[in-house]
J.: 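Before I ask anything, let me first share the structure, which is written out below as C-alpha cells.
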Amino acid sequence: MPIQRCLFGSPIFILLLLLLLPWLPFAFGYGSAGPIAAAFGEEGFFCAIDASGKQDIICWDKENKSSSSAAYFNSLPAMVSLSGGEGFMCGITSNASKAYCWNLEANSGADLVPEAYQGTYYLQMAAGKDHVCGIRGDYFSKTEVGSVDCWQYSQEMGTSSNVNIVSNSLFRDASIDGLVFRTIVSGEGFSCGVVKDGGVICWGPKSGKLGLSPGDLKSLAAGRQSVCGLATLNGEVKCWGEAAEFGSPSVGTRFMSLSVGAKHYCGIREDDHSVECWGSIDSSSSVPMGSGFLAIASSDFTTCGVREVDLVLDCWGVHGQSPPDYSPPLQLCSPGVCALGSCASGKFAFNASGVLNEPGLTSLCARKDLQICLPCGTNCSEGYFASSVCTENADRVCTACSLCQNRSCLDICKISSSSLSGIRDQERQEFIRKLVVIIGSLVSGSLLILICWFIFTRIIGTKNQEKGRSCCNFCAGKQVVEADPETNSQTSLSVSTCITTTQVFRLSELKDATHGFKEYNELGRGNFGFVYKAVLTDGSQVAVKRANAATIIHTNTKEFEAELEILCNIRHSNIVNLLGYCAEMGERLLVYEYMPHGTLHDHLHGELSPLDWNLRLKISLQAARGLEYLHKQAKPPIVHRNVRTSNILLDAEWGARISDFGLLLSTASDKDQHGDMESDVYNFGIVLLEILSGRKAYDRDCSPPGIVEWALPVIRRGKAAAIIDKNVALPRNVEPLLKLAEIAELALNENPGQRPSMSEVVCLLDQTVKSGMTM
C-alpha cells in the first residue's frame, strides 16, 4: 500500500500548512533503537522484531492494512534493533551487522541506505526527522570504533529511485571525533549521544537550541525539539530543550526506557514495568492498566508496546485525541534487543520458554551466543507479592496473596499473623486426620476390601433401579426432583455438519461491528483472548472473542476445528451459546450470544444494581445447571477450570449463563477428569459464598482476606446468619439462605472425594429455591 509523501518541506511551507490545515497532525517524537519502533508522519507505521527466534520483522500501519502484505515484509532482512524516522525505518541486520533503511513506498522493501555506507558495520542506528546517524562497530563483537556516520534524506521520501541523499556535512562535528558512544538518538536537525566515559553530547544544525544536558544519563529519547534521558544514578527522568514538549516528568520514579510521541513522553517503570506518560498532552488515562511492558514505541498520538506476561503487542492512543487505528497483528514480539556477554547487575537473561511455554525455545536471538538482558522488576502489582527474587536467568516471580503462607509476605498482603497461624493449625489438623486414616486403612485393609465389594454391588443394583432420575443417593430421604427439561436441550446439529451450518462471519464484518476492536468496546478478557461487544449490520448485538497470539500459537487449524465442532453442538439455556466463527488471515474469532446485564461479579461487587435474594437463589440454581450440563451432558465432557462470578453472565431475562469454559484434553484420563470436575465444584462453592455474603472471593482489606477462611469456620459453628449480606434486606424466611450456606460448605470440603457432584448440587439447590419461593 503506498504511503503519502512526507508533508514536511521548507519552513515557509510548514507555516502555510499550519495556517490552512490546523487539524493536520504532525509527528514530533523519535526514539532510541529497540525491538519495536515507529515511523512517524501522516502515514506512519510500526515495526517490531518477532519472537520466533529468527528475528524477522513484523510491520503494521493504520487500520492494520500493511501487516497482511506478506510478500513485502518477507523481503526485509532479519534485524537486531530498529529505529523510526519521518516516514521511514532503519535497523541493523542480524546476519551482517549492516545498516538497512526502508519505507512502505519503496518497492519490495528496497534498502534506502546510501551506497557509501552499505558495507559499514554498525553498533546502533538512530533515525530522526529526515536524517540517520549510526555508531560504527561490529554489533556481534561490540568493537568500539567510536566514529559516527550521518546522512540526510531529501524532504520528500519517495520510492527508492527518488530518494535523494544529502551530504552529511551538516552533521559533521569535530567535537565528536574520537569519542566512543554507548547510545545515540536523532531528532529534527540534531543528534545526541551518551559518551562511554560519561556525559551527553549533541550535534547538528539545530543542536544549539537544546541547551546544556542535565548530567550523566544512561539512555535517551528525542522529541522534535527536546530530549529526555534516564539518570545513570537513580533512573529518574531528566529533560532539556523545548519544555512544551515534555511538560512535567514524574519526580522520584525510576524508569527503564522511554519513548516519545507528539508533545508527550512515555516511560516503563522499573518497579512493576507499568507505563507512565507525561507532557503537554494528557496521555495517562488511556494507558492500559494492570499490564507490564518490556518495550514501547510512540508515533504521533499512538503508543504500542510488548506486554511482559505474554509478549503480545498492545496499542493505545492519547487521551482527548482520535488516534489512528493501529491494530497490531496477533504475533508475539521480542521483549528486547539481542546482545553479547553476560547481563549486568540489576538485569536478567530472558528465557523465552518460560513465557511462551515452548521448552525447546530458550533464546529469541538468531545466534546462540547472543541473549536478551532485561531490567529486573522490584515490585508486584496490588494483590500479589514477590515470591522469588530476580536472578541472572529469571525475573522476580509475583504470586497471588491468596497463596501467602509465611511471614515474609504478611505486610505486603496485609494478612495478620493470627490468620496465618490459624491456617497452619488447620493444615496440621488436616495432616493428623489424614495420618489416622492411613494407619486405620493399613490395619483393617482386608476388612475394608470386603466391605467395599459389598457396597459396590449394592450401589450397582440401586443405580440400575433409579436410572433416569436426576438426583442420586446424596439426596436420599428427600423428595426426588426430576431433571429440568431444558437440561437436555441440545442442538440438532451433528458433529460432522456443525461447522458448515454454524454462521461464518467475515473478518471485515466483525471489525466494523466492533469499531476495529477498540478498547471502549471491550467487555472483558479471558484465557482465550479479548471479548468485544459488537453490533451486526442487522442491528443484533453479539459478543466476539478474539484469540490472542498465545492461543493461536498453541492451537493449530485442526485443533481449532475440532474444538469448534464441539462448541457449536453445545446448546443450553444456562450456557452462553456459540453463534458463529471467523478464521481469516490467521485470526481466530468466536461469536457468542450477548449478555446485556453483565456479570454476576459486577452486580455483587461492582457498580451495577444489587440483586435481591429471590434472584440470587435463582442465579445459583441456573449457574449450577449450566455446570452440570458441561460435566454430564456435553460430549465430550467439559471442565470449566475457571468457575467464578465474573464468568457467570446475566441475559436479558436475568437468567444466569456460564461463559469462558475450556475443553478437557483428549489425553486426559478419567481420573484427571474427575479431579478437575471436583475443582469446579469447589470453585462453585466460593461463588455461593459470594452470593450469600456479598463479599469478594479475596479482599485484602478484610481479615482474613480469603472468603473461604472467613466464612467456613462461622458456618461450621452454626452461625451462618452472620455472613449473610447486610446490604440486602433480609427476607421473612431466612431458612433458604442458611441452606445455601450448608450447600457451599459441602462443595468446599477439603477432601475432593467427599464433595458432591454438580448433579447433587443442582438437586439440593432446586429444593432450596422451591422452599424460598415464599420469601
Side-chain angles (χ1 to χ4, degrees), residues 25-34 36-38 40-41 44 83-86 126-129 183-194 199-204 206-270 274-287 293 295-305 316-321 323:
F26 287 92
F28 301 145
Y30 310 94
S32 58
I36 179 173
F40 306 96
S83 181
E86 195 74 30
K129 176 180 176 291
T183 183
I184 58 173
V185 294
S186 297
E188 182 178 349
F190 70 88
S191 290
C192 294
V194 176
V200 176
I201 292 180
C202 297
W203 65 95
K206 295 185 180 181
S207 60
K209 297 181 180 180
L210 296 174
L212 296 176
S213 65
D216 189 19
L217 305 174
K218 60 182 178 180
S219 64
L220 302 172
R224 186 189 184 198
Q225 298 175 355
S226 65
V227 182
C228 284
L230 300 181
T232 302
L233 181 63
N234 55 19
E236 290 189 3
V237 177
K238 304 293 182 182
C239 300
W240 72 100
E242 178 54 57
E245 289 186 11
F246 54 78
S248 301
S250 178
V251 178
T253 302
R254 299 178 65 99
F255 289 89
M256 61 185 243
S257 64
L258 300 174
S259 69
V260 194
K263 296 188 177 182
H264 75 280
Y265 282 73
C266 290
I268 301 178
R269 295 170 59 109
E270 274 193 2
S274 62
V275 175
E276 186 175 325
C277 299
W278 62 90
S280 59
I281 297 178
D282 178 20
S283 61
S284 59
S285 61
S286 60
V287 174
F293 288 85
I296 57 173
S298 298
S299 172
D300 294 330
F301 303 109
T302 302
T303 298
C304 295
W316 61 93
V318 176
H319 179 63
Q321 303 292 325

J.: State which residues pass ring-ring contact (aromatic ring centres under 6.0 Å, His included) with F255; sequence neighbours excluded, sorted by chain then number.
T.: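 Result, ring-ring contact (aromatic ring centres under 6.0 Å, His included) vs F255: W278.
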J.: With sequence neighbours excluded, what pairs up with S250 under the side-chain hydrogen bond (donor to acceptor under 3.5 Å, both in side chains) test?
T.: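 With neighbours one apart ignored, the set is T253, E276.
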J.: Got a sec, which residues hit side chain to side chain contact (heavy atoms under 4.5 Å, CB included) with S191, two or more places apart in sequence or on another chain?
T.: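 Per chain and number, S191 pairs via side chain to side chain contact (heavy atoms under 4.5 Å, CB included) with H131, C133, S186, W203.
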J.: So that I can tick it off, tell me whether K129 and E86 are bridged by a salt bridge, with the cut-off set at under 4.0 angstrom between side-chain N and carboxylate O.
T.: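 So E86 does not pair with K129 through a salt bridge.
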J.: What's the shortest heavy-atom distance between F190 and R224, and which atoms?
T.: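 Looking at all heavy atoms of both residues, the shortest contact is CE2-O, 3.5 Å.
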J.: What pairs of residues pass the side chain to side chain donor-acceptor pair (under 3.5 Å) test when at least one of them lies in residues 234-243, not counting sequence neighbours?
T.: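 As it turns out, there is no side chain to side chain donor-acceptor pair (under 3.5 Å) pair with a partner in residues 234-243 once direct neighbours are skipped.
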J.: If you compare all heavy atoms of S259 against all heavy atoms of A297, which two are closest, and at what distance to 0.1 Å?
T.: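 Of all heavy-atom pairs spanning S259 and A297, the closest is CB-CA, 3.9 Å.
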J.: By salt bridge (charged side-chain N to carboxylate O under 4.0 Å, His left out), which residues pair with E270, not counting sequence neighbours?
T.: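 Once residues adjacent in sequence are excluded, the partners of E270 under the salt bridge (charged side-chain N to carboxylate O under 4.0 Å, His left out) criterion are K218, R254.
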J.: Output all residues satisfying side-chain hydrogen bond (donor to acceptor under 3.5 Å, both in side chains) with S226, sequence neighbours left out; order by chain, then residue number.
T.: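 side-chain hydrogen bond (donor to acceptor under 3.5 Å, both in side chains) check on S226 returns E245, Y265.
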J.: Donor-acceptor pair, distance only, cut-off 3.5 Å: does the side chain of S83 make one with the backbone of A127?
T.: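 Yes, because the side chain of S83 sits within donor-acceptor range (under 3.5 Å) of the backbone of A127.
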J.: Could you tell me which residues satisfy salt bridge (charged side-chain N to carboxylate O under 4.0 Å, His left out) with K209, sequence neighbours excluded, listed by chain and number?
T.: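 Scan of K209 (salt bridge (charged side-chain N to carboxylate O under 4.0 Å, His left out), adjacent residues dropped) gives none.
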J.: Mind checking the CG-CG spacing from L233 to L217? Nearest 0.5 Å is all I need.
T.: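 Rounded to the nearest 0.5 Å, the CG-CG separation comes out at 11.0 Å.
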J.: What do the steps show when you test V227 against L210 for side-chain contact (heavy atoms from CB on, under 4.5 Å), and what is the final call?
T.: CA-CA 8 Å; V227 182; L210 296 174; 4.1 Å; yes
J.: Taking only residues two or more places apart in sequence or in another chain, which ones pass side-chain hydrogen bond (donor to acceptor under 3.5 Å, both in side chains) with S207?
T.: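 Partners of S207 under the side-chain hydrogen bond (donor to acceptor under 3.5 Å, both in side chains) test: none.
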